[in-house]
**Q** 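Would you mind keeping the following structure in view while I ask a few things?
Everything quoted here is computed from the prediction, not taken from an experiment.
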Amino acid sequence: MATILHLRSECKPLEHRSALTPTTTKALLDAGYKVNVERSPERIFDDSEFEAVGATLVPEGSWVDAPKDHIIIGLKELPVDKFALKHTHVQFAHCYKGQGGWQDVLSRFPQGGGTLLDLEFLQDDTGRRVAAFGYHAGYAGAALAVEAWAYQLQHPDAESMPSVSSYPNQDLLLKDVGARLAEGEKVTGRKPRVLVIGALGRCGRGAVDLCKQVGIPDENILKWDMAETAKGGPFSEIVESDIFVNCIYLSDPIPPFLNQESLSSEKRKLTVVCDVSCDTTNPHNPVPIYTKNSTFSSPTIKVEGYDNPPLCVISIDHLPSLLPREASEAFSEALLPSLLTLKDRKSSRVWQQAEDLFSTKVASLPEAMRTAVKSVTG
């Protein structure tokens, strides 16, 4: 019997990305899988694109009532709810690193007999992530940071820069960012200095590439990684730059990169912080100057107490959705080799490691939260 994958429609506002694309769906179908695709009003790929390659279109939200043996494929976390989860879910759940509410999120799986195979923790033989949106997250984050820098120069009292929306393609994004950069340069007579921490990783490379492609000279781009941050923050170089893009993958507690004392320096030029890592509720967030996420509707959060110059934070947790088609294609293509082994996941090191990690995390829950419940929706 064919293994059935069920691609759910994303429910996060303005989330246009997809874990499967028409291209990778066809590859799965050709390999003998059956793929059900929920109709979606937000997904960058039209429903007809999936239907054209042979997928079966099903109603939006129908995953809840799908048979238990269907594997549910998604990207972002599920809506906050209490019903127990009976399926195997392949998605980002954001509940393995002590994030706010992690116990409530994780406990729904053991309570329903379901399993979480978290995309963030799928690793190859070298310990490198199998697939990640990091490059396009850094790219989009740097793009919005440059736009915010220019906007603040012209509107220093604004609570947030205007809303943004996804771009059909990368060229249109670069055109817009280049125009905003030119507007900022007219005010300052120079291009911004940008400091990227985590510059050697996927995310950091994306941020650096965006800066170069819009015309920021290489000498204005400070590329930091573990060697430069080894001494521990706060770092004066951050506040003396115009834009700071944080691209690290936080796994262990580290000293903050900046704090109130460093931001109070008379040498501060910093006006925009883009925290691509977006560990907003992580108690060890090294950018401890904000407490909530920003959104595409309201991209920047003004940091109170800093007016000369003003300071804002970009903390959008789905930045790659600014370029949803390119980001989805790159991610899904990288994930495909692992997806092709899902039907034999008990003999797949990638999936077995993910299942073992799930079991370890579940074991850390209070016993009452991991007890199966009788009432399981669907």
Side-chain angles (χ1 to χ4, degrees), residues 1-79 85-93 114 116-119 122 130-133 135-136 140 165-170 172 296 318-345 350-351 378:
M1 182 180 296
T3 300
I4 300 176
L5 308 181
H6 185 116
L7 178 67
R8 61 176 171 83
S9 175
E10 299 296 324
C11 56
K12 193 177 186 70
L14 302 177
E15 179 54 82
H16 305 303
R17 292 173 297 166
S18 178
L20 299 183
T21 68
T23 301
T24 54
T25 295
K26 185 178 186 309
L28 288 162
L29 290 165
D30 290 346
Y33 288 83
K34 180 178 179 181
V35 183
N36 294 337
V37 175
E38 290 188 7
R39 296 181 184 275
S40 173
E42 293 287 341
R43 191 184 292 128
I44 188 65
F45 305 100
D46 292 337
D47 296 340
S48 60
E49 294 182 67
F50 286 98
E51 192 171 33
V53 299
T56 301
L57 296 183
V58 295
E60 184 177 13
S62 59
W63 69 267
V64 175
D65 297 314
K68 185 175 181 178
D69 62 345
H70 290 200
I71 299 174
I72 313 302
I73 309 290
L75 278 183
K76 299 302 290 184
E77 61 273 19
L78 295 169
L85 299 169
K86 66 182 181 181
H87 299 97
T88 292
H89 286 256
V90 178
Q91 64 172 71
F92 291 100
L116 169 64
L117 303 176
D118 199 304
L119 289 167
L122 301 184
V130 165
F133 282 101
Y135 181 87
H136 285 94
S165 57
S166 297
Y167 285 83
N169 60 65
Q170 182 172 306
L172 292 175
F296 280 1
H318 59 127
L319 280 167
S321 211
L322 198 67
L323 285 172
R325 185 171 288 270
E326 290 93 339
S328 297
E329 290 283 14
F331 179 85
S332 194
E333 190 64 32
L335 184 62
L336 180 61
S338 298
L339 291 175
L340 288 168
T341 67
L342 263 176
K343 58 186 174 184
D344 302 310
R345 78 171 192 264
V350 169
W351 297 115

**Q** Would you check if there is a donor-acceptor pair between the side chains of Thr21 and Thr24 at a distance under 3.5 Å?
**A** yes

**Q** May I ask you to decide whether Lys76 forms a salt bridge with Glu42, counting only side-chain N to carboxylate O separations under 4.0 Å?
**A** no

**Q** Has Lys26 got a side-chain atom pairing as donor or acceptor with Ala52's backbone, closer than 3.5 angstrom?
**A** no

**Q** Are the side chains of Pro13 and Phe296 in touch, meaning some heavy atoms are under 4.5 Å apart?
**A** no

**Q** Looking at Thr23 and Glu333, what are the two nearest heavy atoms and their distance?
**A** CG2-OE1, 4.4 Å

**Q** Let me see the working for Glu77 and Lys12 under side-chain contact (heavy atoms from CB on, under 4.5 Å), right down to the final yes or no.
**A** CA-CA 8 Å; Glu77 61 273 19; Lys12 193 177 186 70; 4.0 Å; yes

**Q** Is any side-chain heavy atom of Leu342 closer than 4.5 Å to one of Leu5?
**A** yes

**Q** Just so I know, are the side chains of Leu340 and Leu28 near enough to count as touching, which here means a heavy-atom distance under 4.5 Å?
**A** yes

**Q** If a pair satisfies side chain to side chain donor-acceptor pair (under 3.5 Å) and one of its residues is in residues 55-64, list it, with sequence neighbours excluded.
**A** Ser9-Glu60

**Q** Taking the six-membered ring for Trp, are Phe331 and His136 closer than 6.0 Å centroid to centroid?
**A** no

**Q** Can you tell me if Lys343 has over 12 outside heavy atoms packed within less than 6.0 Å of its NZ?
**A** yes

**Q** Got Leu75 and His318 here, is their nearest side-chain heavy-atom distance under 4.5 Å?
**A** no

**Q** What ring-ring contact (aromatic ring centres under 6.0 Å, His included) pairs are there with at least one residue in residues 33-59, not counting sequence neighbours?
**A** none

**Q** State, with a plain yes or no, whether a side-chain heavy atom of Leu78 is found less than 4.5 Å away from one of Leu85.
**A** yes

**Q** Could you state the interatomic distance from OG (Ser40) to CD (Glu15), rounded to the nearest 0.5 Å?
**A** 9.5 Å

**Q** For the residue pair Leu57 and Arg39, what are the closest heavy atoms and their distance?
**A** CD1-NH1, 3.5 Å

**Q** Any idea which heavy atoms bring Val90 and Trp351 closest together, and the distance?
**A** CG1-CH2, 4.1 Å

**Q** Do His87 and His6 have side-chain heavy atoms sitting under 4.5 Å apart?
**A** no

**Q** Walk me through it: do Leu122 and Leu335 pass the test side-chain contact (heavy atoms from CB on, under 4.5 Å)?
**A** CA-CA 9 Å; Leu122 301 184; Leu335 184 62; 3.9 Å; yes

**Q** Are the side chains of Leu7 and Thr25 in contact, using a 4.5 Å heavy-atom criterion?
**A** no

**Q** Between Ser321 (side chain) and Pro324 (backbone), is there a donor-acceptor pair under 3.5 Å?
**A** no

